[in-house]
Protein chains: 2
Amino acid sequence: MQIYTAPLRDMRFVLNELHTDDGFGDIPALADFTPDLTEAVLSEAAKLCQDVLLPLNRSGDEEGCTLENGVVRTPKGFIEAYKAFTEGGWNALVLPPEWGGQGAPEAVGKLVEEMICATNVSFSLYPGLTNGAIAALTVYANDTLKQEYLPKMVSGEWSGTMCLTEPHCGTDLGLLRTRAEPGEDGSYKLSGAKIFISAGEHDLTTNIVHLVLARLPDAPKGVKGISLFLVPKYLPDADGNPSVRNGARCTAIEHKMGLKASATCQMLFEDAKGWLVGEPHRGLEAMFTMMNAERVGVGIQGLGIGEAAYQSAVWYAKDRLQGRSLSGTKHPDKPADPIIVHPDVRRMLLTMRAWNEGCRGVSAWVARALDAEKHGAEPEQRQRASDFVALMTPVVKAMFTDLGLESASLAVQCYGGHGFIRESGVEQYMRDARIAMLYEGTNGIQALDLVGRKLPAEMGRYLRSFFHPVSDFIDANLEDPAIGKMVAGLKRAFEALQGATAIIAERGMKDPEEGGAAATDYLRLMGLVAMAYCFAKATKLASRELMSGTGEAAFYKAKIDTARFFYEKLLPQSASLYLAIKAGKGSVMDFAEEAF
Amino acid sequence: MQIYTAPLRDMRFVLNELHTDDGFGDIPALADFTPDLTEAVLSEAAKLCQDVLLPLNRSGDEEGCTLENGVVRTPKGFIEAYKAFTEGGWNALVLPPEWGGQGAPEAVGKLVEEMICATNVSFSLYPGLTNGAIAALTVYANDTLKQEYLPKMVSGEWSGTMCLTEPHCGTDLGLLRTRAEPGEDGSYKLSGAKIFISAGEHDLTTNIVHLVLARLPDAPKGVKGISLFLVPKYLPDADGNPSVRNGARCTAIEHKMGLKASATCQMLFEDAKGWLVGEPHRGLEAMFTMMNAERVGVGIQGLGIGEAAYQSAVWYAKDRLQGRSLSGTKHPDKPADPIIVHPDVRRMLLTMRAWNEGCRGVSAWVARALDAEKHGAEPEQRQRASDFVALMTPVVKAMFTDLGLESASLAVQCYGGHGFIRESGVEQYMRDARIAMLYEGTNGIQALDLVGRKLPAEMGRYLRSFFHPVSDFIDANLEDPAIGKMVAGLKRAFEALQGATAIIAERGMKDPEEGGAAATDYLRLMGLVAMAYCFAKATKLASRELMSGTGEAAFYKAKIDTARFFYEKLLPQSASLYLAIKAGKGSVMDFAEEAF
């Protein structure tokens, strides 16, 4: 059964309690968003997600999208849900007020995103990609394009896409072939085929605005010859309303493992009219503006699905009667005890829970940095926030999505054979979670980005935005009677991360393959330390609350107990990751290609 | 693309080279199966699997099974494939010659099973369950039933099922409700509903023989009141041919995540005529005879899919051009290098490869023990073999199936976004692999079986059948110049396993939940050590072959290089598993049930 109630209390915890000392808070530009308002926003979002999106999740998976005569139909109920979504302004929550958005902090927006992804990740892609396109247009488009397109995209009347991938090139965009010929009126004619275009065609909006990577006739080879174009499905008339159909059409929709209610389109551009966005040959830069924002969002998909999987598994573990507790019958009145009495079932539930709380703690931190990067009062604060976002984006994208699949698979395991049956709803979480490890840059690419670009950047300055607070926290709390033992565990893991960093920095300088071979293990190690830091901070706060006799003893006690599980059962993975990194690239690269 | 060529050279290696000193070999009863004959058997099996079963794998997944008016139809081509399969005698390869089987060693049979599962795991369940039923009947049925049913089941003319699960009970069979009323002619009338019955109904055979767990009217409560019955779909007439339709019918087939070409049936028994198999109230014992044999087979499913996933990923990694090698362009003539040049892609391929070779090494060892258990010349040999099989069965079932999913997921990852598309074929491996972690006892149940039953059994005698050879090998080879360093790694992992065993034995004596909380980690640790032992032995053999100037240098070099990868990148997991086990049950069991 797909169960979901937004974890509002934990969301308030990571939003208002956990990170208040991170130096990213108290941003004047966001002062309107008081805790009261934020609370109301989160509650309303929870209602919409639980009442409107969740009921369409299973049916959307079963029904999927259809393509007939060039028209893509979304599953039953999606049109109405999209209407409710945009009428409530949810698509524009964090968008700039100057274009009609509500300007809410990312720290709030990411929590709402988590709810949306938890209840219907397929649905999330329709507004999600639009937001990416808006981000690129806001920065790079000229005023005419902005005036013509942004208001309608921000309102949700029109949607957006990102058209990067071609059949022969995904990761390596330098190979792309779509061409743009200059027209006489300052526009361009685009021709080429794109694949994997989420929301490339659908029936939710009256127009679709494609952002397309293509080459100009005089383009240099490789990634330095790629430009970005805006190509609408319908060309707007003088009043800005959709009129003439443009030469951009959907030729097929993909048959996928999951995410079936999201239309993944093959698009054909045939002399499609478009306009340049930003400078010629600088399209990749603009696209990466979009992409980086999207990557944090994709990480949130992993967390959202992980939370939904966890809740669905808890429900089942309390409901399903099977066997008796090893420590003696717990429910003599029932034919058997609920399976939540069994240690191995609890291990699975707590693993999911710890991953989810760990991810939420880290993403809330990154989201605050996103706000500080945009709105921070001081240049130093903005710089530090920007460094931290840059460093953590690949970690959030890759680790959260890996864990989303792991949690979904654990939920299936809790259901036993029933988990394999579609009606249980949990196998869908596995299928839907799987894509997030692949799109917006595979998780291997994220790891390379972390090790190859982010670590060496600015002589390690990005890294210091993370290492300094962790190191300071360890120094300040190692002797703390309440959390000293936990902090000693954090110190060990942090030392492993520092050691791994030194190894990669030293060896990688001479040989980039050393970094490449260590990258995935290193990213996971960094993510574990980031979570461990959040859990230790949470335990400190929770211990203080318990001592002060809070009225929420159960909540804070559970915080501490989840952190304990993380430290005792999951953080030890840092030991083996360090050993694997230390072993170096030899066993990976010496293996003869013919021998595979 | 689903690619598969049976790894015949590696199969010969684990069959004829790796385990010759294990004390299970040279069984007179199996002397007919010379290396030449075995070689021919494996080659022929490979042909059938590659040419007949593999082409039906994707189409079977797309088409699935259908139920109409009580009739289940398998996907197109399955009837013909089953005919070819049984005409070739493949279903009866390891079955007893007295009933028409070929009496091949399990050591050969498991390799053929691996090929079948690699090419079409859905198909494997039709003959697979029949073999389980034959195993139970051979031991427990009376002569009349044997004469009437076994020849037709061994020939494959009729198939078999195992009817255990009911909607409210899977793991906890003590709860089952299906009832059997004694009739006047020594038969029984069975009534009740069963679910998850693989091959419960289909169009491949003229009759289906259900082995059904049910309660007699005078049955004690719980698992000690369960009896086993044989219930045919059609009652045989005086000549043994199917005649009157029995009251056993399929009411629905499940919609599943994967394994779609296998009909998973809901069965309704309404006054169905059946016969007791074995003693009244001792049905579980008989069923576990079947179940234990099946569990090794389910482990092999994980290995088979893991191998197919690996080969499909290697093909893609050599074919797909994307990016350039970090150490400089490798193929300047091409627009990009194949992705196999990238360290992270190699990490994924080698992880799959190492898991597969590790599993194959361990399963070949267990298969030899299966033969020695049945046919060993000396009682001591049979006992030791039986101990080893009992100990390793849960490890093979759980660890291999976990790794099957991991390898399938890694293959998807190698394909990037294309891996999520059904046409790629690799996402099917993930969906098909997922069930094996659930059926025939979830992997959590396997871990409990290992820790709760197998470890303490006979004062640790089962365990010694594994610990002694490993310990002897370490002592004998620690100073070996060729493999001493690797053996030191084996020693560390083995010490972690011994330490974990002592912890569980000591704490578990007072508190079974301690064993329960450590079980899954412990099982994985034992599996890692078993693989590490096989890899070290393989390296020793391979080093000797290389020194002697074998003509197969590439094969033996790859053996050593895969072992090195395993030791450097995967075996370190043993360190974190030990730490998690050592931390004990506290964090798992103290967590308040209400707080989940």
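Chain letters run A, B, ... following the sequence lines, proteins first, then strands; residues in each count from 1.
Most heavy-atom pairs under 4.5 Å with chain A: of the set B/Phe591, B/Tyr415, B/Tyr310, this distinction falls to B/Phe591. With chain A as the partner, the residue from B/Leu579, B/Thr442, B/Val412 showing the most heavy-atom pairs under 4.5 Å is B/Val412. Ranked by heavy-atom pairs shorter than 4.5 Å toward chain A, the options B/Pro167, B/Ala317, B/Gly452, B/Ser325 are led by B/Pro167. Interface remark: of the candidates A/Leu570, A/Ile581, A/Leu349, A/Thr264, A/Leu349 forms the most heavy-atom pairs closer than 4.5 Å to chain B. Of the listed residues (A/Val314, A/Thr171, A/Asp561, A/Ile435), the greatest number of heavy-atom pairs within a distance under 4.5 Å of chain B belongs to A/Ile435. Ranked by non-hydrogen atom pairs under 4.5 Å with chain A, the options B/Gly516, B/Gly444, B/Gly174, B/Pro343 are led by B/Pro343. Taking A/Gly258, A/Ser574, A/Gly419 one by one and counting their heavy-atom pairs under 4.5 Å with chain B, the maximum is reached by A/Gly258. Between chain A and the residues B/Ser424, B/Gly515, B/Ala592, B/Gly416, the most heavy-atom pairs under 4.5 angstrom are made by B/Gly416. Of all the listed residues (A/Gln573, A/His168, A/Gln311), the one sharing the greatest number of non-hydrogen pairs under 4.5 Å with chain B is A/His168. Looking only at heavy-atom pairs under 4.5 Å with chain A, the residue among B/Glu514, B/Glu594, B/Glu254, B/Glu513 that has the most is B/Glu513. For the set A/Arg422, A/Met437, A/Met348, the count of heavy-atom pairs under 4.5 angstrom toward chain B peaks at A/Arg422. Annotation: maximal heavy-atom pairing with chain B below 4.5 Å, among A/Glu423, A/Lys585, A/Lys557, occurs at A/Glu423.
Atoms CE and CE, on A/Met257 and B/Met257 in that order, are 5.0 Å from each other to the nearest 0.5 Å. Rounded to the nearest 0.5 Å, atoms CD (A/Gln322) and CG (B/Leu173) are 8.0 Å apart. Here CG of A/Leu571 is found 10.5 Å from OG of B/Ser576. Values are rounded to the nearest 0.5 Å. For the atom pair CD of B/Gln446 and CG of A/Asp344, the computed distance is 11.0 Å after rounding to the nearest 0.5 Å.
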Step-by-step side-chain contact (heavy atoms from CB on, under 4.5 Å) determination, A/His255 to B/Ile421: CA-CA 6 Å; A/His255 305 106; B/Ile421 306 300; 5.6 Å; no
Determine whether A/Leu259 and B/Phe420 satisfy the following criterion, side-chain contact (heavy atoms from CB on, under 4.5 Å), listing intermediate values before the conclusion. CA-CA 10 Å; A/Leu259 208 76; B/Phe420 197 65; 4.0 Å; yes
Criterion side-chain contact (heavy atoms from CB on, under 4.5 Å) on B/Arg346 and A/Glu593, from CA distance to verdict: CA-CA 9 Å; B/Arg346 292 176 145 257; A/Glu593 190 174 315; 4.1 Å; yes
Give the C-alpha distance, both sets of side-chain angles, the deciding distance and a yes or no for side-chain contact (heavy atoms from CB on, under 4.5 Å) between B/Arg431 and A/Arg431. CA-CA 8 Å; B/Arg431 292 184 291 101; A/Arg431 292 184 291 101; 3.8 Å; yes
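Ion pairing between A/Arg564 and B/Asp590 holds under the 4.0 Å rule for side-chain N and carboxylate O.
Only the side chain of A/Ile195 comes within less than 4.5 Å of a heavy atom in chain B; its backbone stays farther off. In this structure, the portion of A/Ile340 lying under 4.5 Å from any heavy atom of chain B is its side chain and not its backbone. Only the side chain of A/Phe196 comes within less than 4.5 Å of a heavy atom in chain B; its backbone stays farther off. Contacts of A/Arg320 with chain B are made by side-chain atoms alone, with heavy-atom separations under 4.5 Å and no backbone atom involved. Proximity to chain B is absent for every atom of A/Val345, based on heavy atoms less than 4.5 angstrom apart. With a 4.5 Å cut-off on non-hydrogen atoms, A/Gln428 does not touch chain B at all. Looking at A/Arg434, the atoms closer than 4.5 Å to chain B (heavy atoms on both sides) sit in the backbone and in the side chain alike. Of the atoms belonging to A/Thr562, heavy atoms from both backbone and side chain fall under 4.5 Å from chain B. Using a 4.5 Å cut-off between heavy atoms, A/Ala575 touches chain B through its side chain atoms alone. Both the backbone and the side chain of B/Arg347 come within contact range of chain A, each with at least one heavy atom under 4.5 Å from a heavy atom of that chain. Contacts between A/Ala519 and chain B at a heavy-atom distance below 4.5 Å are absent for every atom of the residue. Of the atoms belonging to A/Asp511, not a single heavy atom falls under 4.5 Å from chain B. For A/Val588, the parts lying under 4.5 angstrom from a heavy atom of chain B are both the backbone and the side chain. With a threshold of 4.5 angstrom between heavy atoms, B/Ser409 approaches chain A through its backbone and through its side chain. Of the atoms belonging to B/Tyr567, not a single heavy atom falls under 4.5 Å from chain A. Heavy-atom distances place the side chain of A/Leu175, and not its backbone, under 4.5 Å from chain B. Heavy atoms closer than 4.5 Å to chain A are found in the side chain of B/Leu405, but not in its backbone. The part of A/Lys318 that comes within reach of chain B is its side chain, from C-beta onward, which places non-hydrogen atoms under 4.5 angstrom from that chain.
A donor-acceptor pair is defined here as one N or O able to donate and one able to accept, closer than 3.5 Å; such a pair exists between the side chain of B/Lys569 and the backbone of A/Gly584.
Heavy atoms only, all atoms of each residue included: A/Asn443 and B/Gln413 are closest at N-NE2, 3.4 Å.
Heavy atoms from other residues, nucleotides or ligands lying under 6.0 Å from CZ of A/Arg492 number 12 at most. Heavy-atom neighbours of B/His331 NE2 from other residues, nucleotides or ligands within 6.0 Å: above the threshold of 12.
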